2 protein chains.
Amino acid sequence: MKIGDLAKLTDTRVETIRYYEKEGLIPAPSRNSGNYRVYEDAHLKRLSFIRRSRDLGFTLEQVRTLLKLADNRDASCMEVDTIAAEHIVEIDRKISDLTLLRDQLVLSVDRCQGDTIADCKIIEALAPARMK
Amino acid sequence: MKIGDLAKLTDTRVETIRYYEKEGLIPAPSRNSGNYRVYEDAHLKRLSFIRRSRDLGFTLEQVRTLLKLADNRDASCMEVDTIAAEHIVEIDRKISDLTLLRDQLVLSVDRCQGDTIADCKIIEALAPARMK
DNA sequence: TATTGACCCTATAGTAACTTCAGGGTGCAT
DNA sequence: ATGCACCCTGAAGTTACTATAGGGTCAATA
Ligand SMILES: [Zn+2]
Ligand SMILES: [Zn+2]
Ligand SMILES: [Zn+2]
Ligand SMILES: [Zn+2]
């Protein structure tokens, strides 16, 4: 498998794969005669794991930890469970933050009549309300 | 007003204010004899606008645009309204993305019995499901 | 008066997770 | 032999700041 094939299979950009290699997240694959990277199935599995974790919002640092833990088949999964649980809390906070500011924006958009800047409720919502 | 005062009033770090100045978002203020920045009320207003916009999730580029538009008191606010409306759509998408992955995480955390890595449902949820 | 401490200055580098760019090879088909 | 898709490396750019190094200013205090 060449890097472009792996990229397609995992929906990842070629540059990102090289970046993961440089970061030590994926082992350096062997090379063919033309110095092209040649990947095996294990690389595909590992990259898939990384991408799925990233899609779920884990940081690369967390992915690094998860990969290490995942390699230890007989160990307890307690630490994994903790990381996931904490991450859910984090996501919940993000969602409620976003919901709050969404509501504030909707409020001002609804109040605007499409008049001039001087009367725009959106601009008003951005102006000096915050000085504490 | 010195930079520290402005920082406190707007809940902004001093370094951030200098950064905004370098980025051209805030006009360079005059200096006192000791080369300290001296701010006027107009600076406070402008910085408040910027911070409020950032709090609402607009990018600095959008803030730049909003500032320009806001200066034109007699112009129509149509463009402002459009930017805000688009931003709401963006936030909505972010919220639903986060909700989706939150649900996926909760599902796998719920299914995990705290056993070994080999049987962990969370690890399972991260493994090769994605290869398309 | 000398010194302390809080505050200010500039310039540069670091952060996360990539993406882009410059400048070049490889491999296959026409 | 030449075009084209694909590959290579190394360095710099991206966003919105934050941190660090190395140094001035100023008002109060010992
Ligand atoms: Zn997290
Ligand atoms: Zn309006
Ligand atoms: Zn937006
Ligand atoms: Zn588990």
Side-chain angles (χ1 to χ4, degrees), chain A residues 1-26 28-40 43 46-67 83 87 90-91 94 97-98 101, chain B residues 1-40 43 46-67 87 90-91 94 97-98 101:
Chain A
M1 218 176 344
K2 280 188 291 180
I3 198 166
D5 305 326
L6 187 58
K8 255 169 223 141
L9 282 173
T10 58
D11 199 15
T12 307
R13 319 188 88 232
V14 164
E15 295 83 6
T16 304
I17 298 177
R18 289 199 280 249
Y19 168 73
Y20 286 161
E21 179 182 329
K22 203 168 46 179
E23 288 297 301
L25 286 157
I26 290 175
S30 50
R31 304 289 182 115
N32 72 7
S33 59
N35 198 30
Y36 286 16
R37 288 171 177 82
V38 180
Y39 293 98
E40 313 297 327
H43 289 105
R46 198 171 173 89
L47 180 54
S48 299
F49 186 102
I50 295 171
R51 295 301 285 178
R52 175 86 180 122
S53 303
R54 292 287 300 124
D55 283 352
L56 286 172
F58 291 104
T59 66
L60 276 191
E61 257 324 287
Q62 289 171 324
V63 174
R64 226 180 274 276
T65 304
L66 289 172
L67 280 169
I83 291 175
H87 190 47
E90 213 176 294
I91 294 174
K94 250 180 222 163
D97 284 358
L98 283 175
L101 63 87
Chain B
M1 219 178 342
K2 279 185 293 181
I3 198 167
D5 304 326
L6 186 57
K8 255 169 223 143
L9 283 172
T10 59
D11 199 14
T12 307
R13 316 185 98 239
V14 164
E15 295 83 5
T16 305
I17 297 177
R18 288 197 282 249
Y19 168 73
Y20 287 161
E21 179 182 328
K22 202 168 46 181
E23 287 297 300
L25 285 157
I26 292 176
S30 50
R31 303 287 181 118
N32 70 9
S33 57
N35 198 31
Y36 286 16
R37 289 171 177 81
V38 179
Y39 293 98
E40 313 296 326
H43 290 104
R46 198 170 173 92
L47 179 54
S48 300
F49 186 101
I50 295 171
R51 295 301 285 178
R52 175 89 180 121
S53 304
R54 292 287 299 124
D55 283 352
L56 286 172
F58 290 104
T59 65
L60 277 190
E61 257 324 289
Q62 289 171 325
V63 173
R64 229 179 272 277
T65 305
L66 288 172
L67 280 168
H87 190 47
E90 213 176 295
I91 294 173
K94 249 179 223 164
D97 284 357
L98 283 176
L101 63 87

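Note that the coordinates shown come from a computational prediction; the quantities given were computed from them, not determined experimentally. Here is how names work: the chains are called A, B, and so on, in the same order as the sequence lines, proteins then strands, and each is numbered from 1.
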S.K.: Could you tell me the separation between the CG atom of A:D11 and the C1' atom of C:dC18, rounded to a whole number of Å?
M.R.: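 After rounding, the reported distance stands at 15 Å.
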
S.K.: Quick check for you: among C:dA17, D:dC8, C:dC7, whose closest atom lies nearest to any side-chain atom of B:K8?
M.R.: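 Between C:dA17, D:dC8, C:dC7, the one nearest the side chain of B:K8 would be C:dC7.
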
S.K.: Check the distance between C:dT15's C1' and A:E23's CD and give it to me in whole angstrom.
M.R.: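 After rounding, the gap between these two atoms is 12 Å.
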
S.K.: Starting at CG of A:L6 and ending at C1' of D:dC8, how long is that distance when rounded to a whole Å?
M.R.: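 It works out to 16 Å between those atoms.
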
S.K.: Could you give the distance from OG1 (A:T16) to CG (A:L25), rounded to the nearest 0.5 Å?
M.R.: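 Reported to 0.5 Å precision, the distance equals 11.5 Å.
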
S.K.: Of the candidate nucleotides C:dC7, D:dC8, D:dT18, which contains the atom at the shortest distance from the side chain of B:Y36?
M.R.: C:dC7

S.K.: If you check the A:R31 side chain, which of D:dC7, D:dT9, C:dC8 turns out closest?
M.R.: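 For the A:R31 side chain, the nearest candidate turns out to be D:dT9.
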
S.K.: Report the nucleotide, chosen from C:dC9, D:dC17, C:dT19, that has the shortest atom-to-atom distance to any side-chain atom of B:Y19.
M.R.: D:dC17

S.K.: Nearest to the A:T16 side chain among D:dC17, C:dC18, C:dG27, which nucleotide is it?
M.R.: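 Among the listed nucleotides, the one closest to the side chain of A:T16 is C:dC18.
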
S.K.: Roughly how many Å is it from CZ in B:R18 to P in C:dT10, rounded to a whole number?
M.R.: 7 Å

S.K.: For B:R37, which contact category applies under a 4.0 Å heavy-atom criterion: base, sugar-phosphate, or nothing?
M.R.: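 Sugar-phosphate contact only - B:R37 comes under 4.0 Å of backbone atoms but never of a base.
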
S.K.: Closest-nucleotide mapping onto DNA chain D: is A:V14 or B:R54 further toward the 5' terminus? I mean the 5' end.
M.R.: A:V14

S.K.: Closer to the 5' end of DNA chain C via nearest nucleotide, is it A:R13 or A:G34?
M.R.: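 Nearest nucleotide further toward 5': that of A:R13.
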
S.K.: Find the distance A:M1:CE to D:dC6:C1' and express it as a whole number of Å.
M.R.: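 Computing the A:M1:CE to D:dC6:C1' distance gives 16 Å.
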
S.K.: Look at the side chain of A:R51 and decide which nucleotide, out of C:dC18, D:dT18, D:dC17, has an atom nearest to it.
M.R.: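 Nearest to the side-chain atoms of A:R51, counting from C-beta on, is C:dC18.
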
S.K.: So, is B:Y20 close to the D:dA16 phosphate, meaning a side-chain N or O under 4.0 Å from OP1 or OP2?
M.R.: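 Answer is no, no contact under 4.0 Å.
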
S.K.: For A:K94 and A:D97, what are the C-alpha separation, side-chain angles and deciding distance, and is it a side chain to side chain contact (heavy atoms under 4.5 Å, CB included)?
M.R.: CA-CA 5 Å; A:K94 250 180 222 163; A:D97 284 358; 5.6 Å; no

S.K.: Passes side chain to side chain contact (heavy atoms under 4.5 Å, CB included), A:M1 versus A:L9? Steps please.
M.R.: CA-CA 10 Å; A:M1 218 176 344; A:L9 282 173; 3.6 Å; yes

S.K.: Can you measure A:D55 atom CG to C:dA17 atom P for me and round it to whole angstrom units?
M.R.: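 So the CG-P distance, A:D55 to C:dA17, works out to 14 Å.
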
S.K.: How close or far is atom P of D:dT15 from atom CD of B:E61, stated in whole angstroms?
M.R.: 7 Å

S.K.: Between P on C:dA17 and CD on A:E21, what's the gap in Å once rounded to a whole number?
M.R.: 19 Å

S.K.: On DNA chain D, does the nearest nucleotide to A:K22 precede the nearest nucleotide to A:N35 from the 5' side, or the other way round? Give the residue.
M.R.: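 Nearest nucleotide further toward 5': that of A:N35.
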
S.K.: Can B:Y39 and B:R46 be counted as having a side-chain donor-acceptor contact under 3.5 angstrom?
M.R.: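 No, B:R46 and B:Y39 have no side-chain donor paired with an acceptor closer than 3.5 Å.
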
S.K.: When you check the phosphate oxygens OP1 and OP2 of D:dC26, does a side-chain N or O of B:S33 lie under 4.0 Å from one of them?
M.R.: yes

S.K.: How many angstroms lie between CG in A:L6 and CZ in A:R37, if you round to the nearest 0.5 Å?
M.R.: 11.0 Å

